Amino acid sequence: MTQVDPFSDVKKELALHLSAALGVDPTQVMEGIEIPPSEELGDLAVPLRELVPKGSHLELQFKGKLIKSTKIIGIYLNAFVNEDELFRLTFSNMTEDYGILRTSSPLRIVVEHTSANPVHPLHIGHLRNAILGDTLARLLKLRGHEVNVRFYVNDAGRQSAILSYGMSRLGWPDPPIESKKDVWLGLVYACTNVLIEINKLKKVLEELKEKHEEYLSKVRELDEFVAVAKELRDKGQEIFDKLADEIGRDPDPEGSVQKLMQQYERGEEPIRTLMRKVSTYALEGISQTLSFLGIYFDSFDYEGDLLWNGSVEKIINEAREKGILTIHKGASAVSFQGLTEEERRALRIPKGYDVPPLILVRADGTTLYPTRDIAYTLKKYKEFSAHRVINVIAEEQSTPQTQLRATLYLMGFRNEAVNLLHYSYGMVNVEGMRMSGRRGRYISVDDIIDQVRAVVGNRVKSRGGNENVIDELTKGAIRFAIISVAPTKPMSFSIQRAIDFNQNSGPYLQYTYARAHSIVSKMESMPSVEKADTSELVGDKRRLLLQVAKFPEVFVSTTEQLKPEIMATYLNKLADIFNRWYDSERILQEPAEGKRALKLWLAMGVKTVIGNGLSALGINPLSRI
RNA sequence: GGACCCGUAGCUCAGCCAGGAUAGAGCGCUGGCCUUCUAAGCCAGUGGUCGGGGGUUCGAAUCCCCCCGGGUCCGCCA
């Protein structure tokens, strides 16, 4: 199937002409092409300053197939598109998958995202991670790459051990059927954690006695934890009281947690089975939340498995054999002093940045998270024969991610290191709230979904829609709110804004799609493109044509640059033009056959583009709202 | 102290990487538009020393340097 990219064709025509006329490289012209600030000036512009030798006299009048005319204004050569030809080019080849251009060099790519600790429900930060990761995976797949999506389950860390410690005090119960598993476990986790902290602080205070400043600060800390404990007790009195009682009886809760962690790392039964079961329960709840948003994984990889099957140990041995292990403060570590300028550049290490050594093995012989991550990264490459691995992880992990790349490099896995991408995103602030997962204070993704869904539900009911539409609009609102902001920006999230379904929102685009769809669907068959009266291509109709023609380019830059926000901005603009036009002209009731054909095709173009664009972002276009 | 990210209208954000012509949206606020293809829409108005200062350039929101503000990291936590 031939894939059309109409606007690129226009640019190419202009670039070829100019490069011939000026004797410069066509790609140089191509890169210089921009869109004029005002449409009266033209549809395309090329600043000539750098292309034209000073003082040379120019005859640049040009008329081609897709370019109607050109004129020079100041330093610019402005060009007007031949809308008649562009219309034919765009619509006579328009297929269902218009704009979804496949890459000519498909790669095998692993995307790891979300990877939340299996100890509590997902909160707002995970939401950004999950939606970005899922969107990237979808975009890359559509672009024609082979994509493998993974979730790393951190079941061997301290947090899992704390939850399991709490569970052990409760006698390893199953979460009650009436509650969502991750929510219930999250409560157990927060209670356990807070009780351990209080316990610890009390001991510290006894030893400190009244030794001035430190004593006071610890007292303040204790007060805070006690307040949190009250909140938690209100949420689940029975659980809290039982845990308080049991943990109070343990002479050394901290030691018990440590012991669990070690037993799990060694794979000792029955702890191994019991703890794994807890993690699996939490994941069930997490998956339930994600599936509402249309987010799924190809595999869940347990950290524990990497420890038990010896792959972590293998890494350590390999590092030792390669001679890259040094002793740092008594523990085995990798130092990055030896990297050359060139190697640092290849690994994307900032110039003046002194990468801290990475401890692989603790003095007590146990391993750390980054050590396991080395084994995990190699597993991702190997199991999928991947060319590239993308880790969607918050920016605060940029140091460990850099260490990971550098260590892989030093161990001889150079391609793996260089092709490992940390897709970083900024923090999410929630207006008027300080969040803490460890204290059970957070806005969960479930809460957000519920609140958005309630508002959507009311509005849908008042216009007589169905249940399915409510869920899809809720999903659209949430996904769009996240991806329309550039990932590097710190984002502030407010429910207020998420339930604003005016322009610049998922539901706005879904609504606009429904409008276009309902027009097109009222036709039994589309008139032929030749019938369209292209002399009518003026004003918003012409703008729509140009915007629709740009879609393939937008899809390509969105996927190549891994920037979903490019697509979001584009779709919003297209919808704006369409809605303005829709309000000013009749389409189905247009009496003149040629004009009607033109309008119908434009509506078809809008429908196709918004539909494909939304789908690419993981938002379902709706034929009726 | 060092490193990274961010700073654009009252608020939330595009535009910056690959410098170009009067800096764009939405929300908010003011006032209009539903017997006509879906009013989650449309129209009119309101609003900006692009954090500040230097520099490079014919040209800087965009590139470079310094400074200020917000966030993050520099753990034998993850």
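In what follows, chains are A, B, ... by sequence order, proteins preceding strands, each numbered from 1. Values in this document were obtained by computation on a predicted structure and should not be read as measured data.
Judged purely by distance below 3.5 Å, without hydrogens or angles, the side chains of Y511(A) and S505(A) never pair a donor atom with an acceptor atom. Under the 3.5 Å distance criterion, with hydrogens and angles disregarded, a donor-acceptor pair is assigned to the side chains of D576(A) and Y508(A).
In this model, the phosphate group of rC4(B) is not approached by any side-chain N or O of R348(A) to a distance below 4.0 Å at OP1 or OP2. Proximity of Q503(A) to the phosphate of rC42(B): a side-chain N or O atom is located under 4.0 Å from OP1 or OP2. Phosphate proximity of rG41(B) to N502(A): present, with a side-chain N or O under 4.0 Å from OP1 or OP2. The side chain of R463(A) contributes an N or O atom lying less than 4.0 Å from OP1 or OP2 of rA40(B). For the pair K522(A) and rU38(B), the criterion of a side-chain N or O lying under 4.0 Å from OP1 or OP2 is met. In this model, the phosphate group of rG7(B) is approached by a side-chain N or O of K489(A) to a distance below 4.0 Å at OP1 or OP2.
For L473(A) and I519(A), each mapped to the nucleotide of RNA chain B holding its nearest heavy atom, the one lying further toward the 5' end belongs to I519(A). Toward the 5' end of RNA chain B, the nearer of the two residues R580(A) and F501(A), judged by each one's closest nucleotide, is F501(A).
With hydrogens and angles left out, the side chain of R624(A) and the base of rU38(B) share no donor-acceptor pair within 3.5 Å.
Scanning for side-chain hydrogen bond (donor to acceptor under 3.5 Å, both in side chains) contacts around K550(A) gives an empty result, with sequence neighbours left out.
Anti is the conformation of rC17(B), whose glycosidic angle sits further than 90° from 0.
Listed by first then second residue, pairs satisfying salt bridge (charged side-chain N to carboxylate O under 4.0 Å, His left out) with a partner in residues 362-374 of chain A read E303(A)-R372(A), not counting sequence neighbours.
Judged by Watson-Crick or G-U wobble contacts below 3.5 Å, the nucleotide rG1(B) has rC74(B) as its partner. Under the Watson-Crick or G-U wobble criterion, with both distances below 3.5 Å, rG19(B) has no partner in any strand shown. Taking a pair to require two hydrogen-bonding distances under 3.5 Å in either a Watson-Crick or a G-U wobble arrangement, rG28(B) pairs with rU46(B). The partner of rC33(B), taking Watson-Crick or G-U wobble pairs whose two distances both stay under 3.5 Å, is rG41(B).
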Sequence-aligned protein contact record of nucleotides 73-78 of chain B, with B where the base is within under 4.0 Å of a protein heavy atom and S where only the sugar-phosphate is: S--BSB
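Cation-pi contact between R276(A) and Y302(A): present, with separation from the ring centre below 6.0 Å and deviation from the ring axis of at most 45°.
Between the CD1 atom of I483(A) and the CG atom of L617(A) there is a distance of 4.5 Å, given to the nearest 0.5 Å.
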